[in-house]
Amino acid sequence: MLYYLFEYLDKILDVPGTGVFQYITFRSALAFLLSLLLSTIYGKRIIRFLQRQQVGETVRELGLAGQNEKAGTPTMGGLIIIFATLVPVVLFAKLHNIYIVLLIVTTLWMGTIGFIDDYIKIFKKDKEGLKGIFKVVGQVGLGLIVGIVLYFHAGVTVRTDTSTSDVFKVPTETVIMPAPMEEKSTATTIPFFKNNEFDYAELLAWTGEGYEKWAWLIFIPVVIFIITAVSNGANLTDGIDGLAAGTSAISVLALGIFTFVSGNIIFSNYLNIMYIPNSGEMTVFIAAFVGSLIGFLWYNSYPASVFMGDTGSLTIGGIIAVLAIAVRKEMLIPLLCGIFLVENLSVVLQVSYFKYTKKRFGEGRRIFLMSPLHHHYQKKGYHESKIVTRFWIVAIMLAILSIVTLKLR
């Protein structure tokens, strides 16, 4: 909203200094600072409100050290993240930008699913929460919305021929530079390869001429799968104090770099990567999101004063998935979100192996002492803080390696 006010002051009233709001970097800095302040200052008030409402965590007996001390700790702390993200976005972002609209919808959609799940667990005294099938339906519904919008909306375009641009050349005479050739496309980026654009439509090339118009049959299911997988991965990672919030902040910060360079014709030309018009505006959302996650960590670090609950974890996963898809970096998710992937795989492997050995040998056997993986290390006697810190270090390494793919091909 403030963006439109200052745009009016700059272009209509010509007030000196108001043009600074046109810069994404300036608005991103403001969004980060405001979200950080909101999450730290008002976060305490939200925690007190949750305590008054007796929104406490019910801890299942899993035989983990320090587990009983967590009983009664307020949950639904994801409300802090959602609140501290959306307020700066509404104030500083271009609300007509289709990517910002999608991210706001994602935040509210996944936040609502997570809130319902937490509400059932706490107030209905049902430890299972929202039935799995309803969670999946909600995730698929969001995937449909995101996939349809990204595929059909006229404002979602790309330009892959940045290497032919003349933006760096100094003309010897006055010339009119051609406008960038933008097009609708389902192209994405394959990391670590030169000429690394891959179009989902190519998977239908065998059907003959005109196959491009059926690309949505591939693209939309891929979007649904990614959103469902990443949101569940974030949900599983949220098991010990500060783990999900910290690793997510690192991954989102890396995505912020991708959105900024992909939405800037100068940087995309220099790096020879896909130029995605208007995607740079997502940097404002990312800055607010990172600020809210860091502010939330103020209260969620060990020993946690609040848990994010599914209200936060599902929202985080959904936002990361949509960001990666929108900036055409979804194939980087297994690397960038490697912590989520490993946590997911540990559960899948544990359950599958247990069922297999029970059927074959008559008794179930386990690969890990406990899954998800962070509980395995707890069972081995590692302190929560050590586990979280080491997972953060791994997340930083994965984020750096992901960023390096901009040039390492």
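Just so it is clear, the model here is predicted, and its values are computed rather than measured.
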Give a yes/no verdict on a cation-pi contact between K407 and Y270, requiring under 6.0 Å between NZ or CZ and the six-membered ring centre and an angle within 45° of the axis. yes
Both conditions, 6.0 Å and 45 degrees, for the charged tip of R45 above the ring of F49: are they met here? no
Test log, rule side-chain contact (heavy atoms from CB on, under 4.5 Å), inputs T112 and I116: CA-CA 6 Å; T112 300; I116 294 172; 4.0 Å; yes
Neighbour count above 12 (heavy atom, 6.0 Å) for [X] [atom1]:
X	atom1	result
F152	CZ	yes
Y211	OH	yes
K355	NZ	no
F225	CZ	no
Y23	OH	no
Y382	OH	no
F134	CZ	no
F123	CZ	yes

Of L314, T75, I316, which meets side chain to side chain contact (heavy atoms under 4.5 Å, CB included) against M308? I316
Sidechain-backbone polar pair: [X] side chain, [Y] backbone, donor-acceptor under 3.5 Å:
X	Y	value
S352	L349	no
S251	T247	yes
D241	A304	yes
T207	L204	yes
D10	G17	no
S185	A187	yes
N300	G242	yes
Y99	V327	no
T311	M76	no
T315	G111	yes

Close side-chain approach of [X] to [Y], heavy-atom, < 4.5 Å:
X	Y	result
M1	L5	no
I227	V322	yes
T106	W109	no
Y4	L95	yes
F340	S248	yes
L34	F92	yes
S268	S262	no
L398	I250	no

State, to 0.1 Å, how close [X] and [Y] come at their nearest heavy-atom pair, and which atoms those are.
X	Y	value
G143	I224	C-CG1, 3.6 Å
L341	P334	CD2-O, 3.8 Å
L150	K184	O-NZ, 3.5 Å
S28	A287	O-CB, 3.2 Å
M282	I100	CA-CD1, 4.2 Å
T40	L36	OG1-O, 2.7 Å

Within this structure, what is the [atom1]-[atom2] distance for the pair [X] and [Y], rounded to the nearest 0.5 Å?
X	Y	atom1	atom2	result
Q51	I47	CD	CD1	7.0 Å
L30	T25	CG	OG1	10.0 Å
I226	E330	CD1	CD	5.0 Å
N269	F267	CG	CZ	11.5 Å
I82	I319	CD1	CD1	7.5 Å
I148	F219	CD1	CZ	11.0 Å

Side chains of T189 and E197, donor plus acceptor under 3.5 Å: no
Under 3.5 Å, is there a donor-acceptor pair linking the side chains of S292 and S39? no
Starting from the C-alpha separation in whole Å, work towards a yes-or-no answer on side-chain contact (heavy atoms from CB on, under 4.5 Å) for Q350 and R366. CA-CA 6 Å; Q350 184 89 321; R366 293 175 172 82; 3.7 Å; yes
Y356 ring center near F354 ring center (under 6.0 Å): no
Pair H375 and F368, ring centroids less than 6.0 Å apart: no
Does the side-chain contact (heavy atoms from CB on, under 4.5 Å) test come out yes or no for I113 and D310, once each step is laid out? CA-CA 8 Å; I113 296 174; D310 283 14; over 6 Å; no
Between E281 and R27, is there a salt bridge with N-O shorter than 4.0 Å? yes
Describe, in one word, how the ring planes of Y302 and H383 are oriented to each other, choosing from parallel (under 30°), tilted (30 to 60°) and perpendicular (over 60°). perpendicular
Here the side chain to side chain donor-acceptor pair (under 3.5 Å) pairs for residues 221-234, sequence neighbours left out, are Q139-S231, Q139-N232
What verdict does the side-chain contact (heavy atoms from CB on, under 4.5 Å) test give for I286 and F32, after you've listed the backbone C-alpha separation in whole Å, the side-chain angles of each residue and the deciding distance to 0.1 Å? CA-CA 8 Å; I286 289 172; F32 174 81; over 6 Å; no
Among residues at least two apart in sequence or on other chains, which ones pass ring pair (Phe, Tyr, Trp, His ring centres under 6.0 Å) with Y3? none
